[in-house]
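Worksheet for the structure shown next.
Quick note on labels: first sequence line is chain A, next is B, and so on, each numbered from 1.
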2 protein chains.
Amino acid sequence: MPQITNARGYPIGAMSRETGVNIETIRYYERIELMPKPDRTAGGNRQYTHDHLKRLAFIKRSRELGFGIEEIRAMLTMVDQDSVTCGEVHAMTTEHLDSVKEKIRHLKKLERALTGMAAECAKGDVPDCPIIETLFEACNPDRNKTAR
Amino acid sequence: MPQITNARGYPIGAMSRETGVNIETIRYYERIELMPKPDRTAGGNRQYTHDHLKRLAFIKRSRELGFGIEEIRAMLTMVDQDSVTCGEVHAMTTEHLDSVKEKIRHLKKLERALTGMAAECAKGDVPDCPIIETLFEACNPDRNKTAR
DNA sequence: GTACCGTCTGTAGCGACTACAGATGAAAGG
DNA sequence: CCTTTCATCTGTAGTCGCTACAGACGGTAC
């Protein structure tokens, strides 16, 4: 079976178009060994297979969901070694989910603070701005303890 | 009035303790000219004034609220030039607030997707993982259009 | 004097790309 | 075969906002 399935494979531009991943980013993924090195044409251009495409799509989707490169690498390593266990993957997912929830909590705090500040402001041509004043006020409750 | 108000000024460590800003970060702010260069002792150590302290606290508070360095620089430049107008500051604040809201929206989308994926998963020792399968499925609706 | 901390400069690293510059490769039309 | 035009190549440096060293000096208390 020395037969090639995909006539000539995908050049990098096709990979980029199919997945929405920037060409430079694809090369970057190769450099950091997240994507395996593809074959080259006689002239030295990369030629990807359908497996490369699937892998890149996996990476894209995972990145969109906010997984970090090392988390993705860990998942792909499991896939490569056929050692995927649902439990491990679930743990990684919920851990990541927790960090997303944490970020949401943090951003909501900022949202409340900023909304409050914006509401204070008459937003005219006035030079005395309550927003600036708020920012100049240190509002850390344990500052008193540290100050001597 | 060649009289110095603050006996000997604050060394950088005191600035750090008072504001909670890392020493290295304070020096970084000086390098990028967000903080002005302070006087030095005979030996070359930095000596900050109370004004420096106020400014650093402003920066800290603004960073905590998620403002970028360049936004903070813009606000401080207005303060320095006594050209603060409430309208401008309000505009910057609401712009930033919008970007915070946008981030929250985005993270909530991730949260929903991840929660759904985690729920699919039996999380046992099984090698067939619905999470991995979902990640391998391209689910971009306009992929069909591009693919030829 | 000496112990010991604080501070100094300068540089390199993080994560995840992105943006060039300058040189080839590939394919289509004449 | 030649030209044009696009695609792709390598390599390096920049982004943001710090953080982490290394190795040398400053300042103060005993």
Side-chain angles (χ1 to χ4, degrees), chain A residues 7-35 37-48 52 56 58-76 96 99-100 103 106 110 146 148, chain B residues 7-35 37-48 52 56 58-76 96 99-100 103 106 110 146 148:
Chain A
R8 247 175 301 165
Y10 311 88
I12 199 165
M15 292 285 281
S16 177
R17 250 174 285 121
E18 292 293 313
T19 59
V21 177
N22 200 317
I23 289 179
E24 270 101 337
T25 306
I26 298 174
R27 286 196 286 251
Y28 165 73
Y29 288 158
E30 183 181 328
R31 216 165 49 243
I32 64 168
E33 295 180 280
L34 197 59
M35 287 290 289
K37 285 181 202 286
D39 286 348
R40 300 291 183 124
T41 61
N45 285 16
R46 288 171 180 81
Q47 291 276 240
Y48 292 98
H52 284 112
L56 186 57
F58 180 98
I59 296 169
K60 178 77 194 308
R61 181 109 183 84
S62 305
R63 286 293 299 130
E64 281 174 355
L65 285 166
F67 285 102
I69 295 286
E70 291 314 312
E71 291 170 301
I72 298 171
R73 192 195 297 283
M75 289 195 283
L76 283 172
H96 176 52
S99 89
V100 169
K103 274 180 197 152
H106 181 230
L110 298 197
T146 329
R148 232 170 326 117
Chain B
R8 247 175 301 167
Y10 311 89
I12 198 166
M15 291 284 281
S16 176
R17 251 173 285 121
E18 292 293 314
T19 59
V21 177
N22 199 317
I23 289 179
E24 270 101 337
T25 305
I26 298 174
R27 287 196 285 251
Y28 166 71
Y29 288 158
E30 183 180 329
R31 214 164 49 243
I32 63 169
E33 294 179 282
L34 196 59
M35 286 290 289
K37 285 181 201 286
D39 286 347
R40 301 289 183 124
T41 61
N45 286 15
R46 288 171 180 81
Q47 290 276 241
Y48 292 97
H52 285 111
L56 186 57
F58 180 98
I59 296 168
K60 177 78 193 308
R61 181 108 183 85
S62 304
R63 286 293 299 131
E64 280 173 355
L65 286 166
F67 285 103
I69 295 284
E70 291 314 314
E71 291 170 300
I72 298 171
R73 192 195 297 282
M75 290 196 282
L76 283 171
H96 176 51
S99 90
V100 169
K103 275 180 195 151
H106 181 231
L110 298 196
T146 330
R148 232 171 325 119

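The nearest whole Å value for the distance from the CD1 atom in Ile59(B) to the C1' atom in dG17(D) is 13 Å. Regarding Ile12(B), its CD1 atom lies at a distance of 16 Å from the C1' atom of dG27(D), rounded to whole Å. Atom CE in Met35(A) sits roughly 16 Å away from atom C1' in dA16(C) (whole-Å rounding). The distance between atom CD1 of Ile23(B) and atom P of dC8(C), rounded to the nearest whole Å, is 8 Å. Between the CG atom of Asp39(A) and the P atom of dT8(D) there is a distance of 16 Å, rounded to whole Å. If you take CD of Glu30(B) and C1' of dT7(C), they are 13 Å apart, rounded to a whole angstrom. Per the geometry, OH belonging to Tyr48(A) stands 10 Å off P belonging to dT8(D), to the nearest Å. Following rounding to the nearest Å, Lys60(A) (NZ) and dC17(C) (C1') show an atom-to-atom distance of 13 Å.
For the atom pair CZ (Phe67(B)) and OG (Ser99(B)), the distance works out to 9.0 Å, reported to the nearest 0.5 Å. Here Ile12(B) contributes atom CD1 and Arg17(B) contributes atom CZ; the two are 11.5 Å apart, rounded to the nearest 0.5 Å.
At dG26(D), none of the side-chain N or O atoms of Thr41(B) fall inside 4.0 Å of OP1 or OP2 (strictly under the cut-off). Side-chain N/O atoms of Arg40(A) include none lying less than 4.0 angstrom from OP1 or OP2 on dT24(C). Listed pair Arg63(A) / dG15(C) fails the phosphate criterion, with no side-chain N or O lying under 4.0 Å from OP1 or OP2.
Taking for each of Gly44(A) and Tyr29(A) the nucleotide of DNA chain C with the nearest heavy atom, the 5'-most of the two is the partner of Tyr29(A).
Partner of Tyr48(A) under the side chain to side chain contact (heavy atoms under 4.5 Å, CB included) criterion, chosen from Leu56(A), Asp39(A), Ile26(A): Ile26(A).
Against DNA chain D, the stretch residues 65-76 of chain A makes no heavy-atom approach under 4.0 Å.
If you check every strand for non-hydrogen atoms under 4.0 Å, Ile32(A) touches nothing.
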- Query: Run the side chain to side chain contact (heavy atoms under 4.5 Å, CB included) check on Gln47(A) and Arg40(A) step by step: do they pass?
  - Reply: CA-CA 5 Å; Gln47(A) 291 276 240; Arg40(A) 300 291 183 124; over 6 Å; no
Notebook entry, point to check: Hey, mind stepping through Met15(A) and Met35(A) against side chain to side chain contact (heavy atoms under 4.5 Å, CB included) and telling me if it holds?
Noted result: CA-CA 12 Å; Met15(A) 292 285 281; Met35(A) 287 290 289; 4.2 Å; yes
Evaluate the side chain to side chain contact (heavy atoms under 4.5 Å, CB included) criterion for residues Ser16(A) and Val21(A): first the C-alpha distance (whole Å), next the side-chain angles of each, then the deciding distance (0.1 Å), finally the verdict. CA-CA 5 Å; Ser16(A) 177; Val21(A) 177; 5.7 Å; no
Atom pairs under 3.5 Å: protein N/O with N/O of nucleotides 18-23 of chain C:
| from | atom 1 | to | atom 2 | distance (Å) |
| --- | --- | --- | --- | --- |
| dT18(C) | OP2 | Thr25(A) | OG1 | 3.2 |

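Counting heavy atoms from C-beta outward, Ile69(B) and Tyr29(B) have side chains that approach closer than 4.5 Å. Side-chain atoms of Ile59(B) and Leu76(B), non-hydrogen and from C-beta on, do get closer than 4.5 Å to each other. Side-chain contact between Arg46(B) and Glu30(B) is present, with at least one heavy-atom pair separated by less than 4.5 Å.
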